[in-house]
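Reviewing the structure listed below.
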There are 4 protein chains.
Amino acid sequence: MKQRAIQQSDKDQRRQDLLDAALALWQADPNRLRIEAVAKAAGVAKGTVYLYFRSKEEILLAIHERHVAAFFAALRAGGEQGTITFETMMDLVFAHMVRVPAFLPLASLCHGLMESGVEPEIALGLKHRIGERLGEAGHLLQSRLGLDSPENGVAFLMHGYGLILGLWQILHPSPLRDMAKNDPAIQNIDRDFETELRQALRALWVGEFGPTKGAP
Amino acid sequence: MKQRAIQQSDKDQRRQDLLDAALALWQADPNRLRIEAVAKAAGVAKGTVYLYFRSKEEILLAIHERHVAAFFAALRAGGEQGTITFETMMDLVFAHMVRVPAFLPLASLCHGLMESGVEPEIALGLKHRIGERLGEAGHLLQSRLGLDSPENGVAFLMHGYGLILGLWQILHPSPLRDMAKNDPAIQNIDRDFETELRQALRALWVGEFGPTKGAP
Amino acid sequence: MKQRAIQQSDKDQRRQDLLDAALALWQADPNRLRIEAVAKAAGVAKGTVYLYFRSKEEILLAIHERHVAAFFAALRAGGEQGTITFETMMDLVFAHMVRVPAFLPLASLCHGLMESGVEPEIALGLKHRIGERLGEAGHLLQSRLGLDSPENGVAFLMHGYGLILGLWQILHPSPLRDMAKNDPAIQNIDRDFETELRQALRALWVGEFGPTKGAP
Amino acid sequence: MKQRAIQQSDKDQRRQDLLDAALALWQADPNRLRIEAVAKAAGVAKGTVYLYFRSKEEILLAIHERHVAAFFAALRAGGEQGTITFETMMDLVFAHMVRVPAFLPLASLCHGLMESGVEPEIALGLKHRIGERLGEAGHLLQSRLGLDSPENGVAFLMHGYGLILGLWQILHPSPLRDMAKNDPAIQNIDRDFETELRQALRALWVGEFGPTKGAP
DNA sequence: TATGAATGAGCATTCATTCAT
DNA sequence: AATGAATGAATGCTCATTCAT
């Protein structure tokens, strides 16, 4: 039997260990995630997983939340450094979203899970916490990016995130695309995700908030 | 036993009937779609479904393809009428995508299915046919919208579609959002999907292709 | 794949085969009955069991119903032979209830299952069919046993069955009783089930319907 | 942490509290009895339950034993008042068995649990203690009811108890019976439990021990 | 072509019980 | 004695798919 987590800090650590294990397994094969495997990888018994999470879906949501929290933390840190520009935002997005391997595939999944797959209270709890962070970030962007209002800050992030998420679904690298190398009709529409995203995201921001904001 | 479909036109009709039945059932409850129910609703036996589709997923993909084809048909029809502007594109997008009830939820699902859920050949076939249509549409937009190249036409559509799809996932109406009416943190980020989409989409297009294209 | 049961008679046969298999396994170890084992013993796949029964509990109820039907059939056959007496009833009860190995243990279980364990409609269906048979039997006993009314015939059977069932639960042979051979306090109350039942049942019938009915 | 029970009397009290809690929860929903809920209702932690009972089943058996003990205590008290008749026995049976809400349902369950569900030693211990009480009661009935032997007293009780228990299983009030109000075949056999029991029990006693015993 | 009986893979979750503290 | 974190056994059922008729 694994050392008991009596202290809250020990419990938190065990929770993180479970998330780490689940993330690694999910990345390896998203359709093959098994609770038993998560438990074993974290060095506990199956039932123990359910002391920390109410369901498999809740685990995935928790990983997503950790991803999102890390992004917002990076954003806040960026804000504390001084002014934010479209370019620094772009760097942030790429470093803490686009290039975090599981971020976007998991995000895609989680938006579906929240509708059906977890108890509404769980989904609402997650939305609440993300909402808080997003609200704060909106204020930050107003001041650091020179937007007209916190609402514009929120719009900046939401519209951008929507574009990232949707474009990822259409253009993310995948074995399927490799198989289509010889199909001209597919080549026609096969673009590099990061290149397209960078171009479209910049266009969206410029189009919505003006070219001046990005370059003081 | 239902009348046998000998003629190709009869087969096509039966195929459409099956898609109609599946679409209605999927809309009613996406997680409850059962092949047997589809068969019954279309007036055939379970096994017959598999004479027309190789799997459940293939059915969903076929419905999606029908949605997409209808959009491209409308776009082509729009082009035949004369010039296209950002505004007419916006109308097209809303009429044949955003407001077709199952279009976006099904599209969200299908982008996942293509990666795993159907045989690669099926997915590639779909991508091929969509690629062809997208290529044609790119040419159409070059001439009718005044873009610099067919590639820009493709980019116009893909970037726009990415934004639509991603924003829908974040902001689409849902019971969950209704439940959150009293949570200020969630209200903070709860925007009207269509309003936001219209604003962001226009910004994206303007930012990427210039304000002049939309208004000759 | 096992020969398909297309005809209704084939389906009925398969249903009986499944019940036979389940009964044998249940008798061998009541707490160890597994659907998969039933399927294997009947030579079909697991899923096939569910084409014939909606749940494990429904199988047990169906076996019980078969037991009960056999008893009523024997009773009817007895009635067709001529007069029925307490003694012939006693013989019937012993031959088709008490000494049918699984009858009483399964009956004990099923009365509990009907309350919770199966869908009410299933339980009501069973009760309905047994009610019909019991009603007919009441009429039979009125004429053949010389009771005052069909209702008395029903009471005769129900009160008797209650006594049989309850006494079986207290006194049926079991390993536990063998273990108690050296405990005088238990010996005190350890009686032979069949002896006690015969005595009590006769007393009940005589007490309720008079000594004359049994001996014309 | 709850006050430790050092004194034997404190331990006994805690044991009773646990039984009270378990009984209340079992009555509310027999299939939903959870050890954790029992512990909480009794104001102790889960593990503490296992300091007083070796298993969940043992708790149910202990409640049943308390029921039985109360019945025998009432019987003894009745004997101390003077002569016992069939009518006073009937009153006793109704007051301390039939109308004690959980007595018969729990008894039904416990006769099954004793065969498998608890350690044989536990079951034998219970049987032993009940056997002792039953032996005493047999003597009591010999003298107070005027039976020929203590064995007849035991038979009087056992046969009666069997009838009560079995008839209860067939005829006890239940939601299922309420649902069957409109089914004539079921109405046919749907009798009032208490009426039938009173009639059958009296018949059994009279048939077995003569009409004179009950009415001196 | 159409049917529908047969197949069998797939697996999260509960909760009684234990035992380190 | 009391606690409550950890354990892990235990398994029925659905439903997409196949294929004999």
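Per chain, numbering begins at 1; letters A, B, ... match sequence-line order. Small disclaimer: the values here were computed from a predicted structure and weren't measured.
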To the nearest Å, how far apart are C/D10 CG and F/dA20 C1'?
14 Å
May I have the distance from A/I6 (atom CD1) to F/dA2 (atom C1'), rounded to whole angstrom?
13 Å
Provide, to the nearest angstrom, the distance between the CD atom belonging to A/Q13 and the C1' atom belonging to F/dA6.
17 Å
Does any donor atom in the side chain of C/Q16 or C/D20 lie under 3.5 Å from an acceptor atom in the other side chain?
no
Testing the basics here: between C/L176 and D/M114, what is the closest heavy-atom pair and its distance to 0.1 Å?
CD2-O, 3.3 Å
I need the D/R54 CZ to D/I59 CD1 distance, nearest 0.5 Å.
13.0 Å
Please give, in whole Å, the distance from F/dT14 C1' to B/N31 CG?
14 Å
Using modelled atom types only, decide if a donor and an acceptor are shared between the side chain of B/S108 and the backbone of B/L104 within a distance under 3.5 Å.
yes
Just how far is it from atom NE2 of D/H64 to atom CG of D/L19, taken to the nearest 0.5 Å?
13.5 Å
D/L18 CG - E/dA16 P separation (whole Å)
14 Å
So, does D/E65 use its side chain to make a donor-acceptor pair with the main chain of D/L61 at under 3.5 Å?
no
Give a yes or no answer on whether the side chain of A/R129 reaches the backbone of A/G125 with a donor-acceptor pair at less than 3.5 Å.
yes
Tell me: CH2 of D/W26 to P of E/dA16, nearest whole Å?
16 Å
Whether C/R14 contacts E/dA6 is assessed here as follows: a side-chain N or O lying under 4.0 Å from the phosphate OP1 or OP2. Is that the case?
yes
About how many Å separate CG of B/L33 and CG of B/L60, when rounded to the nearest 0.5 Å?
6.0 Å
In dot-bracket form, how is DNA chain F paired, counting a Watson-Crick or G-U wobble pair only if both its distances are under 3.5 Å and using | for bases paired to another strand?
.||||||||||||||||||||
Would a distance-only check, ignoring hydrogens and angles, find a side-chain to backbone donor-acceptor pair under 3.5 Å from B/Q13 to B/S9?
no
Just to confirm, is there a sub-4.0 Å distance from OP1 or OP2 of F/dA6 to any side-chain nitrogen or oxygen of A/Q3?
no
Specify the residues of residues 33-67 of chain A, ordered by number, for which at least one heavy atom lies under 4.0 angstrom from an atom of DNA chain F.
A/V44, A/A45, A/K46, A/G47, A/T48, A/L51, A/Y52
Do B/R4 and E/dA2 have a side chain to base donor-acceptor pair shorter than 3.5 Å?
no
